[in-house]
Amino acid sequence: MNEGIKRRGLLIVLSSPSGAGKTTITKKLIKQDSNIQLSVSATTRKKRPQERHERDYYFMTEPAFKENIKQNAFIEHAKVYDNWYGTPKAPVDQALEEGRDVLFDIDW
């Protein structure tokens with residue numbers, strides 16, 4: 001392999017209905033390959049007691065989320081029931097540039 005070529009990371013999308021086993025597969029992939037990192041989504045829903053900001057989700061107010069939509073700061077976003085969910089571009093772009101693979105665990 002040419003030493004001068006820098007490896008760019010890959011996007012890996014794992015998508016299925018809720019409850020189909022995505023989280024189990026995701027945990028096994030991350031455990032087996034330290035170069036894979038899980039994409040962290042942003043949401044407007046309330047944080048649950050065991051959750052941590054920037055580990056489980058980027059918790060945002062609805063006005064902040066909508067401002068991010070206007071700024072084109074999400075790779076994708078959707079309103080699910082009464083809450084917004086989306087994937088922030090910046091952390092994904094940074095990981096890919098650093099040669100890390102980013103795994104998306106997304107309900108369809």
Side-chain angles (χ1 to χ4, degrees):
M1 183 164 139
N2 186 339
E3 295 290 328
I5 297 175
K6 183 179 173 187
R7 181 189 185 279
R8 181 170 168 81
L10 300 172
L11 288 178
I12 304 164
V13 179
L14 185 57
S15 181
S16 71
S18 183
K22 291 184 305 298
T23 301
T24 300
I25 293 169
T26 296
K27 287 179 182 178
K28 287 183 180 186
L29 286 171
I30 290 172
K31 186 176 181 180
Q32 288 181 350
D33 188 341
S34 63
N35 195 50
I36 298 175
Q37 76 177 50
L38 184 61
S39 171
V40 178
S41 297
T43 185
T44 59
R45 77 160 173 75
K46 299 290 182 203
K47 184 170 79 76
R48 296 176 184 143
Q50 74 279 12
E51 292 176 323
R52 287 193 358 227
H53 180 68
E54 295 184 359
R55 182 194 69 186
D56 299 296
Y57 285 96
Y58 295 100
F59 293 97
M60 307 174 91
T61 64
E62 188 165 334
F65 195 99
K66 288 182 177 180
E67 182 59 31
N68 275 270
I69 292 171
K70 287 181 188 176
Q71 298 296 322
N72 199 27
F74 291 119
I75 294 171
E76 55 79 31
H77 63 275
K79 191 165 189 179
V80 180
Y81 302 108
D82 293 328
N83 297 300
W84 286 94
Y85 294 86
T87 304
K89 282 184 185 180
V92 173
D93 287 344
Q94 180 179 349
L96 295 175
E97 283 299 317
E98 293 171 357
R100 292 191 317 273
D101 300 330
V102 182
L103 177 61
F104 288 71
D105 175 346
I106 300 174
D107 288 347
W108 66 0

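Both backbone and side-chain heavy atoms feed into the values below; hydrogens, waters and symmetry mates do not. Here, residue 1 is the first one in the sequence, and each next residue gets the next number.
- Hydrophobic cluster membership differs between Ile36 and Leu11, with clusters built from Ile, Leu, Val, Met, Phe, Trp and Tyr side chains linked at under 4.5 angstrom.
- Among residue pairs with one or both ends in residues 25-39, none qualify as salt bridge (Lys or Arg N to Asp or Glu O under 4.0 Å); sequence neighbours excluded.
- Evaluation of the ring pair (Phe, Tyr, Trp, His ring centres under 6.0 Å) rule for Tyr85 yields no partner, not counting sequence neighbours.
- Annotation: the span from Leu38 atom CG to Thr26 atom OG1 amounts to 6.0 Å, rounded to 0.5 Å.
- For Lys22 (side chain) and Ser16 (main-chain N/O), a donor-acceptor pair under 3.5 Å exists by modelled atom type.
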Solution key, residues 87-101 side-chain donor-acceptor pairs under 3.5 Å, sequence neighbours excluded:
{"unit_1": "Thr87", "atom_1": "OG1", "unit_2": "Glu76", "atom_2": "OE2", "d": "2.5"}
{"unit_1": "Lys89", "atom_1": "NZ", "unit_2": "Asn72", "atom_2": "O", "d": "3.1"}
{"unit_1": "Gln94", "atom_1": "NE2", "unit_2": "Glu98", "atom_2": "OE2", "d": "3.1"}
{"unit_1": "Glu97", "atom_1": "OE2", "unit_2": "Arg8", "atom_2": "NH1", "d": "2.4"}
{"unit_1": "Glu98", "atom_1": "OE1", "unit_2": "Arg100", "atom_2": "NH1", "d": "2.1"}
{"unit_1": "Glu98", "atom_1": "OE1", "unit_2": "Arg100", "atom_2": "NH2", "d": "3.2"}
{"unit_1": "Arg100", "atom_1": "NE", "unit_2": "Gln37", "atom_2": "OE1", "d": "2.6"}
{"unit_1": "Arg100", "atom_1": "NH2", "unit_2": "Gln37", "atom_2": "OE1", "d": "2.9"}
{"unit_1": "Asp101", "atom_1": "OD1", "unit_2": "Arg7", "atom_2": "NH1", "d": "3.1"}
{"unit_1": "Asp101", "atom_1": "OD1", "unit_2": "Arg7", "atom_2": "NH2", "d": "2.9"}
{"unit_1": "Asp101", "atom_1": "OD1", "unit_2": "Leu10", "atom_2": "N", "d": "2.8"}
{"unit_1": "Asp101", "atom_1": "OD2", "unit_2": "Arg7", "atom_2": "NH2", "d": "3.1"}

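- Residues meeting the side-chain hydrogen bond (donor to acceptor under 3.5 Å, both in side chains) test with Gln71, sequence neighbours left out: Glu67.
- When atom types are taken as modelled, the side chain of Ser15 and the backbone of Ile106 share a donor-acceptor pair closer than 3.5 angstrom.
- Under the 30°/60° scheme for interplanar angles, the aromatic rings of His77 and Phe65 are found to stand perpendicular.
- Applying the ring pair (Phe, Tyr, Trp, His ring centres under 6.0 Å) test to Tyr57 and every residue at least two apart in sequence or in another chain returns Phe59.
- Both Leu14 and Ile12 belong to a common hydrophobic cluster when Ile, Leu, Val, Met, Phe, Trp and Tyr are linked at side-chain heavy-atom distances under 4.5 angstrom.
- At a threshold of 4.5 Å between side-chain heavy atoms, the hydrophobic network of Ile, Leu, Val, Met, Phe, Trp and Tyr places Ile75 and Ile69 in two separate groups.
- Under the salt bridge (charged side-chain N to carboxylate O under 4.0 Å, His left out) criterion, Lys66 pairs with Glu62, sequence neighbours left out.
- Listed here is the closest heavy atom pair of Ala42 and Phe74: CB-CE2, 3.8 Å.
- From Lys47, atom NZ reaches atom CG of Asp56 across 8.5 Å, with rounding to the nearest 0.5 Å.
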